[in-house]
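Have a look at the structure below, then the notes.
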Amino acid sequence: MTVATNMLQENVIININDELHSLTELFKYNGWQIETPDGLSDKIIYSKLGNETEYFKMEQDGHYIYVSVPLKNSSFQYKTKFDDHYSAIKYTRTMFNYFIEI
């Protein structure tokens, strides 16, 4: 995921990268894989091997970060947008924890 490179915000950038790494580790721990289609750093997709129709996607498009999450017990996705990376990552984490709940 592309992160702003403003040197005045270096601490924020490091925290966002740490949050993104932590999110990726959560997905991996639960048996999900990460994809960056075509090597693009502005799109990340988490899916479970063998069930790629259920996926979590974060994609930066201009100023916004779009997050798509699967709806539980459905074949549909819910998509929303955020102004900042931290909120998008936090939302993805919350929705993933809800999704894997039994």
Side-chain angles (χ1 to χ4, degrees):
M1 175 132 309
T2 304
V3 179
T5 58
N6 185 340
M7 294 305 287
L8 296 175
Q9 297 178 349
E10 186 173 331
N11 291 335
V12 173
I13 293 168
I14 291 170
N15 291 337
I16 294 301
N17 287 335
D18 288 346
E19 289 293 322
L20 188 57
H21 176 74
S22 174
L23 179 66
T24 297
E25 290 303 312
L26 174 66
F27 274 95
K28 286 182 180 179
Y29 177 80
N30 286 282
W32 291 60
Q33 61 190 13
I34 183 173
E35 303 171 34
T36 51
D38 303 323
L40 298 174
S41 61
D42 59 349
K43 183 187 299 184
I44 298 173
I45 301 172
Y46 299 99
S47 63
K48 189 155 188 161
L49 190 59
N51 195 8
E52 288 82 6
T53 57
E54 294 178 338
Y55 61 88
F56 289 77
K57 178 169 70 171
M58 294 191 315
E59 180 175 14
Q60 184 168 349
D61 185 17
H63 176 71
Y64 296 108
I65 298 94
Y66 291 90
V67 177
S68 177
V69 299
L71 296 176
K72 209 171 192 176
N73 302 318
S74 172
S75 60
F76 296 99
Q77 294 280 123
Y78 175 76
K79 187 175 183 179
T80 189
K81 69 181 177 181
F82 296 91
D83 290 330
D84 65 279
H85 289 87
Y86 182 76
S87 297
I89 292 168
K90 183 178 175 183
Y91 176 79
T92 303
R93 178 187 313 279
T94 300
M95 295 309 294
F96 179 67
N97 285 326
Y98 169 75
F99 187 79
I100 62 174
E101 246 179 28
I102 297 178

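The salt bridge (charged side-chain N to carboxylate O under 4.0 Å, His left out) pairs that include a residue from residues 89-98 are Glu19-Arg93, where partners are two or more places apart or lie in different chains.
Contact between Gln77 and Ser68 at its shortest, heavy atoms only, is NE2-OG, 2.8 Å.
Every residue two or more places apart in sequence or in another chain was checked for a side-chain hydrogen bond (donor to acceptor under 3.5 Å, both in side chains) with Tyr55, and none qualifies. With sequence neighbours excluded, the residues that form a side-chain contact (heavy atoms from CB on, under 4.5 Å) with Phe76 are Leu71, Ser74. Listed by chain and residue number, nothing satisfies the side-chain hydrogen bond (donor to acceptor under 3.5 Å, both in side chains) test with Asn97 (two or more places apart in sequence, or in another chain). Take Phe96 and apply the ring-ring contact (aromatic ring centres under 6.0 Å, His included) test, not counting sequence neighbours, and it matches Phe27, Trp32, Phe56. Remark: Tyr64 engages Tyr66, Lys81, Asp83 in a side-chain contact (heavy atoms from CB on, under 4.5 Å) (not counting sequence neighbours). Legend: residues meeting side-chain contact (heavy atoms from CB on, under 4.5 Å) with Gln33, ordered by chain and number and at least two apart, are Glu35, Ser47, Leu49, Glu52. For Thr94, there are no side-chain contact (heavy atoms from CB on, under 4.5 Å) partners at least two apart in sequence or on another chain. When the side-chain hydrogen bond (donor to acceptor under 3.5 Å, both in side chains) test is applied to Ser87, the partners found at least two apart in sequence or on another chain are Asp84. With sequence neighbours excluded, no residue forms a ring-ring contact (aromatic ring centres under 6.0 Å, His included) with Tyr86.
Atom NZ of residue Lys28 and atom CD1 of residue Ile34 lie 6.5 Å apart, to the nearest 0.5 angstrom. One finds the CD1 atom of Ile100 at 6.0 Å from the CG atom of Leu26 (value rounded to the nearest 0.5 Å). Distance CE/Met58 to CZ/Phe82: 10.0 Å, rounded to 0.5 Å.
Counting heavy atoms from C-beta on, the side chains of Glu54 and Phe99 come closer than 4.5 Å. In this structure the side chain of Ile44 never reaches within 4.5 angstrom of the side chain of Leu23, judged on heavy atoms. His85 has its side chain within reach of Gln60: a pair of non-hydrogen atoms, C-beta onward, lies under 4.5 Å apart. Between Val67 and Met95, every side-chain heavy-atom pair lies at or beyond the 4.5 Å cut-off.
Heavy-atom contacts from other residues, nucleotides or ligands closer than 6.0 Å to NE2 of His21 number 12 or fewer.
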